[in-house]
Amino acid sequence: MFGLFAKGVATATRPIGAERSAECAILHSSSFAYPWKEADFEQLLAAPETSARGAIETKESNLAGFILSRCAIDEAEILTIAVAPAWRRNGIGRSLLAAHLADLAAMGIKRVFLEVDVANVSARTLYVSFGFRQVGERKSYYRVADAAPATALVMRLDIN
Ligand SMILES: CC(C)(COP(=O)(O)OP(=O)(O)OC[C@H]1O[C@@H](n2cnc3c(N)ncnc32)[C@H](O)[C@@H]1OP(=O)(O)O)[C@@H](O)C(=O)NCCC(=O)NCCS
């Protein structure tokens, strides 16, 4: 799947595996206050229950963003989605999520869940635009040094 985003650079989304672990870890650390290690991504991306897709900048083959879910029978949980700061607001997050949901639907997944920081307006707006609805709340879920614990919203989308 190819797209020409606002920057005028072609970006393709495609399934990714453990070969992208180092890039995922760097991108994740630029996006979250609680970064995951390269070894965490190696393990996750190699696992058979994981479905992952990356947005690849076609000229340099750099990873501009990625999304990763863990699947169990007919349910999936989106564990993380991140777009590199320099690439945000170019439609990459939307493209990744759309293609990923199509991947999950093709695998027979019926329900998709995720958790999002209540203060994360960008991500919440993106999810709601795809039809995700809040089904729960986890208070004091995200704990980061020097900050008050943050509430996570649990969201669900039915597909298939
Ligand atoms: C959330 C994230 C993945 C969105 O990626 P993106 O490539 O910038 O998103 P897109 O350009 O495809 O935008 C898709 C929609 O998301 C929403 N959105 C994205 N950024 C937004 C912002 N800063 N404010 C409000 N809405 C925003 C909008 O609804 C947007 O649609 P629109 O452009 O038609 O208005 C990106 O901001 C990111 O990586 N954030 C840090 C990591 C993170 O918080 N991940 C989610 C964890 S639950």
Side-chain angles (χ1 to χ4, degrees), residues 1-3 5 11-21 23-25 27-56 63-84 87-144 149-160:
M1 292 179 200
F2 288 87
F5 296 97
T11 306
T13 74
R14 58 175 91 116
I16 55 167
E19 76 287 348
R20 292 280 181 181
S21 300
E23 285 173 280
C24 284
L27 214 157
H28 194 273
S29 70
S30 70
S31 298
F32 295 100
Y34 37 92
W36 299 351
K37 296 188 179 75
E38 181 179 342
D40 300 328
F41 280 104
E42 266 169 17
Q43 205 174 4
L44 272 169
L45 289 165
E49 64 273 20
T50 297
S51 173
R53 183 171 276 271
I56 318 290
L63 192 69
F66 70 97
I67 184 166
L68 188 156
S69 286
R70 185 164 49 204
C71 306
I73 312 176
D74 58 358
E75 288 189 0
E77 182 185 7
I78 297 178
L79 299 183
T80 190
I81 175 173
V83 172
W87 282 94
R88 288 184 194 156
R89 299 303 322 240
N90 284 292
I92 293 178
R94 186 177 292 286
S95 293
L96 276 171
L97 184 55
H100 186 62
L101 291 173
D103 291 342
L104 297 178
M107 293 164 60
I109 297 295
K110 291 189 166 48
R111 290 170 294 282
V112 183
F113 293 89
L114 59 84
E115 280 147 3
V116 57
D117 189 325
V118 69
N120 191 342
V121 175
S122 326
R124 286 178 61 190
T125 309
L126 173 64
Y127 300 143
V128 167
S129 74
F130 275 80
F132 278 90
R133 293 288 170 262
Q134 183 185 338
V135 292
E137 191 180 70
R138 301 192 208 282
K139 295 220 181 284
S140 303
Y141 188 73
Y142 299 111
R143 292 175 181 277
V144 181
T151 297
L153 304 182
V154 182
M155 303 188 88
R156 168 179 171 164
L157 177 69
D158 292 354
I159 55 176
N160 271 324

_Using ring pair (Phe, Tyr, Trp, His ring centres under 6.0 Å), reason through F130 and F132 one step at a time and then give a plain yes or no._
CA-CA 6 Å; F130 275 80; F132 278 90; 7.4 Å; no
Do [X] and [Y] have side chains that approach each other closer than 4.5 Å (heavy atoms only, starting at C-beta)?
| X | Y | value |
| --- | --- | --- |
| V128 | M155 | yes |
| I56 | L63 | yes |
| T151 | Y142 | no |
| S69 | L79 | no |
| I159 | R111 | no |
| I73 | E75 | no |
| S129 | R94 | yes |
| L97 | I67 | yes |

Answer yes or no: is there a donor N or O on one side and an acceptor on the other, between the side chain of [X] and the main chain of [Y], under 3.5 Å?
| X | Y | answer |
| --- | --- | --- |
| R124 | V118 | yes |
| N160 | I109 | yes |
| N90 | I92 | no |

Indicate the atoms forming the closest heavy-atom contact of [X] with [Y], along with that distance.
| X | Y | value |
| --- | --- | --- |
| G93 | I81 | O-CD1, 3.9 Å |
| A123 | V116 | CB-CG2, 3.9 Å |
| L27 | A64 | CD1-C, 3.8 Å |

* side-chain contact (heavy atoms from CB on, under 4.5 Å) between T50 and C71, intermediate numbers included -> CA-CA 6 Å; T50 297; C71 306; over 6 Å; no
| said: With salt bridge (Lys or Arg N to Asp or Glu O under 4.0 Å) as the rule and sequence neighbours excluded, what pairs involving residues 125-141 come up? | reply: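 Of all non-adjacent pairs touching residues 125-141, those that pass salt bridge (Lys or Arg N to Asp or Glu O under 4.0 Å) are E115-R138, E137-K139.
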* To do: Return the set of residues passing salt bridge (charged side-chain N to carboxylate O under 4.0 Å, His left out) with R20 (not counting sequence neighbours), or none when no residue passes.
  =>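 Per chain and number, R20 pairs via salt bridge (charged side-chain N to carboxylate O under 4.0 Å, His left out) with E23.
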Listing, residues 35-45 side-chain donor-acceptor contacts under 3.5 Å, not counting sequence neighbours, or none:
residue	atom	partner	partner atom	Å
D40	OD2	K37	N	2.8

**Asked** If you measure from CD1 on I78 to CG on L104, what distance do you get to the nearest 0.5 Å?
**Response**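 I78 atom CD1 to L104 atom CG measures 7.0 Å (nearest 0.5 Å).
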For this session: Verify the distance criterion only: is there a donor paired with an acceptor across the side chains of R53 and T13 at less than 3.5 Å?
Result: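 On atom types as modelled, these side chains qualify, holding a pair under 3.5 Å.
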task = Take L157 and Y127 through the test side-chain contact (heavy atoms from CB on, under 4.5 Å) and record every step on the way to the result.
result = CA-CA 9 Å; L157 177 69; Y127 300 143; over 6 Å; no
Practice problem: Classify the ring geometry between H28 and F66 as parallel (under 30°), tilted (30 to 60°) or perpendicular (over 60°). | Solution: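 Because their plane-to-plane angle lies in the 30° to 60° range, the rings of H28 and F66 count as tilted.
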